[in-house]
Protein chains: 2
Amino acid sequence: MTTLLTPAAAADRTGVSLDTLRYYEREGLIGPIRRSPGGRREYTEDDLFWIGLVTCFRDAGLGIADLREFVAILRAEHSAQDRVTFLRERRATLEQRVAALRRAMEVLDDKIAYYS
Amino acid sequence: MTTLLTPAAAADRTGVSLDTLRYYEREGLIGPIRRSPGGRREYTEDDLFWIGLVTCFRDAGLGIADLREFVAILRAEHSAQDRVTFLRERRATLEQRVAALRRAMEVLDDKIAYYS
DNA sequence: ACTTGACCTGGAGCGCGCTCCAGATCTGAG
DNA sequence: CTCAGATCTGGAGCGCGCTCCAGGTCAAGT
């Protein structure tokens with residue numbers, strides 16, 4: 001028997017608010033989450049794991065649309081080749097962000113050196 | 001004689017739109033930019049340089065408020081110590097972002113490996 | 001002088017990613 | 001059975017960072 005979590009528990013475990021959980025589901029980033037007979041959401045461990053992935057990418061600055069595309073690619077039938085291509089593209093954009101951050105950090109380092 | 005640039009030229013050189021240049025000025029991120037007798041903005045090379053810094057930080061994901069604070073710290077009278085402290089804090093938050101990006105990239109790498 | 005186009009200001013509008021709210025329903029404790 | 005508290009839905013509201021617009025001014029060519 002798989003343990004099911006209430007929305008509150010899921011929010012607690014993932015650090016994502018109830019509203020945001022619902023929002024992500026509406027947007028197709030997670031779920032659809034199964035429901036109890038009464039209509040309440042019941043989150044599985046798998047759901048939590050997936051939510052973790054989503055928040056990981058959100059934290060990295062990917063937008064909702066990006067993530068929706070990500071979900072689509074991983075869920076729908078796509079050749080492994082397509083998936084790899086897509087994933088590599090995403091990886092490249094993340095690397096560009098890292099580069100932008102490094103540039104900014106260099107500027108800060110220069111200023112820090114100047115004032116030290 | 002220092003060369004002065006029209007707004008259009010400044011936008012062109014910096015890659016920032018006219019509207020955004022005005023917006024940044026209103027928000028106190030740049031300038032105030034000097035004006036011609038007729039009231040038009042005239043950008044100096046120094047202005048352009050500063051705009052470059054601002055866009056560098058914007059590209060790194062810093063918010064307008066962060067940048068305003070940045071400007072304030074660098075312009076107003078503050079001890080070198082204060083400045084260094086502030087700059088180091090900023091640097092730390094940028095490093096956290098890099099870490100978040102790295103985590104996301106690891107996830108992508110795992111998926112790429114899986115589908116390869 | 002006239003026209004054209006760049007520029008001015010103040011303010012409205014927009015897309016994103018939530019966040020909040022109202023009003024209804026479900027659930028569990030007593 | 002009752003009542004409080006958790007959850008439901010649909011939709012409004014919000015902060016951010018621009019972006020766009022109207023109505024007017026300025027500058028340069030003819």
Side-chain angles (χ1 to χ4, degrees), chain A residues 3-44 47-48 50-71 93 97 100 104, chain B residues 3-44 47-48 50-71 93 97 100 104:
Chain A
T3 322
L4 296 174
L5 297 104
T6 63
D12 200 55
R13 285 258 313 262
T14 60
V16 177
S17 80
L18 289 169
D19 272 322
T20 301
L21 248 18
R22 286 191 286 258
Y23 171 67
Y24 284 172
E25 192 178 349
R26 263 202 305 281
E27 296 297 323
L29 271 44
I30 59 174
I33 307 298
R34 54 173 286 185
R35 302 303 186 98
S36 75
R40 271 84 200 287
R41 268 169 267 255
E42 298 175 320
Y43 294 85
T44 66
D47 288 333
L48 288 212
W50 187 258
I51 293 164
L53 286 187
V54 168
T55 54
C56 176
F57 288 129
R58 286 292 300 119
D59 289 348
L62 291 194
I64 301 299
D66 293 322
L67 277 145
R68 200 157 29 213
E69 199 181 355
F70 188 84
V71 172
T93 70
R97 275 174 215 229
Chain B
T3 323
L4 296 175
L5 296 104
T6 64
D12 199 56
R13 286 260 312 261
T14 61
V16 176
S17 80
L18 289 169
D19 271 324
T20 302
L21 283 178
R22 286 191 285 258
Y23 171 67
Y24 285 171
E25 191 177 351
R26 263 202 306 281
E27 295 298 321
L29 271 44
I30 59 174
I33 307 298
R34 55 172 287 185
R35 303 303 186 97
S36 75
R40 273 84 198 288
R41 268 169 267 256
E42 298 176 319
Y43 294 84
T44 67
D47 288 332
L48 287 212
W50 186 257
I51 293 166
L53 285 188
V54 168
T55 55
C56 175
F57 288 129
R58 286 291 302 119
D59 289 347
L62 291 194
I64 302 300
D66 292 324
L67 276 135
R68 201 156 30 213
E69 199 181 355
F70 188 84
V71 173
T93 70
R97 272 173 217 232

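So that the names make sense, note that chain A is the first sequence line, chain B the second, and so on, each numbered from 1.
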Between atom [atom1] in [X] and atom [atom2] in [N], what is the gap in whole Å?
X: B:Glu25; N: D:dC18; atom1: CD; atom2: C1'; answer: 16 Å
X: B:Arg26; N: C:dA12; atom1: CZ; atom2: P; answer: 13 Å
X: A:Leu18; N: C:dT19; atom1: CG; atom2: P; answer: 11 Å
X: A:Asp19; N: D:dG11; atom1: CG; atom2: P; answer: 16 Å
X: A:Arg68; N: C:dC18; atom1: CZ; atom2: C1'; answer: 14 Å
X: A:Arg40; N: C:dT25; atom1: CZ; atom2: C1'; answer: 7 Å
X: B:Tyr24; N: D:dG17; atom1: OH; atom2: C1'; answer: 8 Å
X: B:Arg35; N: C:dC8; atom1: CZ; atom2: P; answer: 6 Å

Quiz prompt | Check: A:Leu62 main-chain N/O paired with A:Arg58 side-chain donor or acceptor under 3.5 Å | solution =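 Looks like yes, one N/O pair under 3.5 Å.
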Does [N] have OP1 or OP2 under 4.0 Å away from a side-chain N or O of [X]?
X: B:Thr6; N: C:dC7; answer: yes
X: A:Ser17; N: C:dT19; answer: yes
X: B:Thr20; N: D:dG17; answer: no

Quiz item: Relative to the 5' end of DNA chain C, which residue comes earlier, B:Ala9 or A:Gly39, by the nucleotide with the nearest heavy atom?
Solution: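 So the residue in question is B:Ala9.
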Exercise. Please name the residue in the list A:Ile33, A:Ile51, A:Leu29 that meets the side-chain contact (heavy atoms from CB on, under 4.5 Å) test with A:Tyr24.
Key: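 Of A:Ile33, A:Ile51, A:Leu29, side-chain contact (heavy atoms from CB on, under 4.5 Å) with A:Tyr24 is met by A:Leu29 alone.
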Quiz item: Which is true for A:Arg58 with a 4.0 Å heavy-atom rule: it touches a base, it touches only sugar-phosphate, or it touches nothing?
Solution: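 Sugar-phosphate, backbone atoms only, no base.
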Quiz item: So, do A:Arg41 and A:Leu5 sit near enough that their side-chain heavy atoms are less than 4.5 Å apart?
Solution: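 Counting from C-beta outward, A:Arg41 and A:Leu5 never come under 4.5 Å.
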Practice problem: Find out whether A:Thr14 and A:Tyr43 are in side-chain contact, i.e. whether some heavy atom of one side chain is under 4.5 Å from a heavy atom of the other. | Solution: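 The answer is no, as the side chains (C-beta and beyond) never meet within the 4.5 Å cut-off.
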Quiz item: Do B:Glu42 and B:Arg35 meet the salt-bridge criterion of a basic N to acidic O distance under 4.0 Å?
Solution: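 Salt bridge absent between B:Arg35 and B:Glu42.
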Identify which nucleotide among [options] has an atom closest to any side-chain atom of [X], counting heavy atoms from C-beta outward.
X: A:Arg41; options: D:dT9, C:dC7, D:dG17; result: D:dT9
X: B:Ile64; options: D:dG17, D:dT7, C:dT19; result: D:dG17
X: A:Ala8; options: D:dG17, C:dC7, D:dA6; result: D:dA6

